[in-house]
Amino acid sequence: MLRTFLDFHRATLAMKCDGLSDEDLRRASSPPSTLTLLGLVKHMAEVERTWFRRVINAEDIPLRWSAEGDFQAAYDASTSTRAEAFEAWQAEVEQSRKIEEAAESLDVTGHQARWGEDVSLRLVMLHMIHEYARHNGHADFLREAIDGVTGA
């Protein structure tokens, strides 16, 4: 059930970006916010990478868009392209799925250094559903402001 809901939210983010040009995807369409659809895709690539690879799989890898560990850097889509952002995001989703599917159970734990505690894969899956749901709400507003398209 967790996998199904997480995949639904992943697909929703992709759908919100369907049919838009790179320029549209980089457009901050809800001023004064600077948030963009492409920035959300990059951010979610970073979130997937962090929670599944760095936390659950204990991989010692840097963030994709910040050698300094700045999670906000992913939101900057000013020079990004759909191809770059979606390639990164899809690669991270693929890795996340492999890690989740290979886990013995949802009770597998990893260490979340920012929280200073161990977390279960179950918590990570729930957190990811929450993260996507929240950002898909942002994507709804961004997409509607670009071309009027609504719905999930």
Side-chain angles (χ1 to χ4, degrees), residues 1-57 61-101 106 110 112-117 119-152:
M1 186 182 320
L2 294 175
R3 183 184 300 149
T4 300
F5 274 101
L6 182 52
D7 281 341
F8 167 80
H9 282 294
R10 288 168 172 154
T12 299
L13 180 59
M15 181 201 67
K16 289 296 174 183
C17 298
D18 281 348
L20 295 176
S21 67
D22 285 6
E23 181 182 329
D24 286 335
L25 291 169
R26 286 190 295 265
R27 186 180 308 163
S29 59
S30 295
S33 173
T34 60
L35 192 60
T36 67
L37 287 168
L38 208 52
L40 285 176
V41 171
K42 288 176 60 180
H43 171 69
M44 291 312 300
E46 207 76 277
V47 171
E48 293 269 1
R49 181 180 186 89
T50 296
W51 282 99
F52 286 97
R53 294 179 67 186
R54 295 176 68 179
V55 172
I56 293 298
N57 225 31
I61 55 174
L63 297 179
R64 274 190 174 267
W65 287 284
S66 173
E68 296 79 34
D70 178 7
F71 282 90
Q72 300 303 308
Y75 284 116
D76 180 6
S78 59
T79 60
S80 299
T81 64
R82 170 192 290 276
E84 171 216 11
F86 272 83
E87 181 180 310
W89 179 56
Q90 289 165 346
E92 294 302 336
V93 166
E94 183 178 321
Q95 288 299 311
S96 296
R97 284 184 178 131
K98 286 178 183 177
I99 292 164
E100 180 262 321
E101 289 170 1
L106 292 171
Q112 172 45 285
R114 291 179 76 189
W115 293 0
E117 61 186 71
V119 296
S120 68
L121 177 58
R122 178 180 290 103
L123 181 141
V124 169
M125 298 286 287
L126 288 168
H127 179 79
M128 292 298 297
I129 291 166
H130 162 82
E131 185 88 11
Y132 272 102
R134 185 166 51 99
H135 288 311
N136 282 339
H138 299 138
D140 285 338
F141 286 117
L142 293 167
R143 179 63 189 254
E144 185 175 8
I146 291 168
D147 64 3
V149 170
T150 61

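On a predicted model such as this, the values are computed, not experimentally measured, just so you know.
Under a 3.5 Å cut-off, the side chain of R143 and the backbone N or O of K16 do form a donor-acceptor pair. Judged by distance alone, with hydrogens and angles left aside, the side-chain atoms of D22 form a donor-acceptor pair with the main-chain N or O of R82 at under 3.5 Å. With hydrogens and angles ignored, the 3.5 Å screen pairs a side-chain donor or acceptor of T81 with a backbone N or O of E84. A donor-acceptor pair is defined here as one N or O able to donate and one able to accept, closer than 3.5 Å; such a pair exists between the side chain of N136 and the backbone of H9.
Side-chain atoms of E144 and T150 form no donor-acceptor pair, as typed in the model, at a separation below 3.5 Å.
In terms of heavy-atom proximity, D7 sits nearest to R97 at OD1-NH2, 2.8 Å. Between R26 and S80, the closest heavy-atom pair is NH1-O, 2.6 Å. Taking both residues in full, the closest heavy atoms of I129 and L2 are given as CD1-O, 3.7 Å, listed atom of the first, atom of the second, then distance. Between A85 and V41, the shortest heavy-atom distance links the atoms O-CG1, 3.8 Å. Nearest heavy atoms, W65 versus A73: O-CB, 3.5 Å. Across all their heavy atoms, S30 and F141 have their closest contact at OG-O, 4.0 Å.
Within a 6.0 Å radius of CD in E117, more than 12 heavy atoms belonging to other residues, nucleotides or ligands are found.
The side-chain hydrogen bond (donor to acceptor under 3.5 Å, both in side chains) test applied to D70 returns no partner, not counting sequence neighbours. Every ring-ring contact (aromatic ring centres under 6.0 Å, His included) that W51 has, sequence neighbours left out, goes to W115, H127. Scored by the side-chain contact (heavy atoms from CB on, under 4.5 Å) test, T79 finds no partners at all (sequence neighbours excluded). Evaluation of the side-chain contact (heavy atoms from CB on, under 4.5 Å) rule for E68 yields S66 as partners, not counting sequence neighbours. For F71, the side-chain contact (heavy atoms from CB on, under 4.5 Å) criterion is met by E46, T50, R54, L63, R114, not counting sequence neighbours. With sequence neighbours excluded, no residue forms a side-chain hydrogen bond (donor to acceptor under 3.5 Å, both in side chains) with Q112.
Ring geometry, F86 versus W89: the interplanar angle exceeds 60°, so the pair is classed perpendicular (tilted spans 30 to 60°).
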Open item on the list: Using the rule given for side-chain contact (heavy atoms from CB on, under 4.5 Å), can you reason through D76 versus T34, listing the C-alpha separation, both sets of side-chain angles and the distance that settles it, and then say yes or no?
Closed with: CA-CA 9 Å; D76 180 6; T34 60; over 6 Å; no
Task: Stepwise side-chain contact (heavy atoms from CB on, under 4.5 Å) test for T36 and R27 - done: CA-CA 6 Å; T36 67; R27 186 180 308 163; 5.8 Å; no
TODO: Apply salt bridge (charged side-chain N to carboxylate O under 4.0 Å, His left out) to the pair E48 and R53, showing each step before the final yes or no.
DONE: CA-CA 8 Å; E48 293 269 1; R53 294 179 67 186; over 6 Å; no
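For the atom pair NE2 (H135) and CG (L13), the distance works out to 9.5 Å, reported to the nearest 0.5 Å. Between the CG atom in L25 and the NZ atom in K42 there is a gap of 12.0 Å [rounded to 0.5 Å]. Atom CG of residue L38 and atom NE2 of residue H43 lie 13.5 Å apart, to the nearest 0.5 angstrom. Here CG of L142 is found 6.0 Å from CG of L40. Values are rounded to the nearest 0.5 Å. We find the CZ-CG distance between F52 and L121 to be 6.0 Å, quoted to the nearest 0.5 Å. Rounding to the nearest 0.5 Å places SG of C17 at 10.5 Å from CG of D24.
Contact of the E100 side chain with the M125 side chain is registered, since non-hydrogen atoms from C-beta on lie closer than 4.5 Å.
In this structure, E92 pairs ionically with R64, as a charged nitrogen and a carboxylate oxygen lie closer than 4.0 Å. One finds no salt bridge joining E101 and K98 here, because no Lys/Arg side-chain nitrogen approaches an Asp/Glu carboxylate oxygen to under 4.0 Å.
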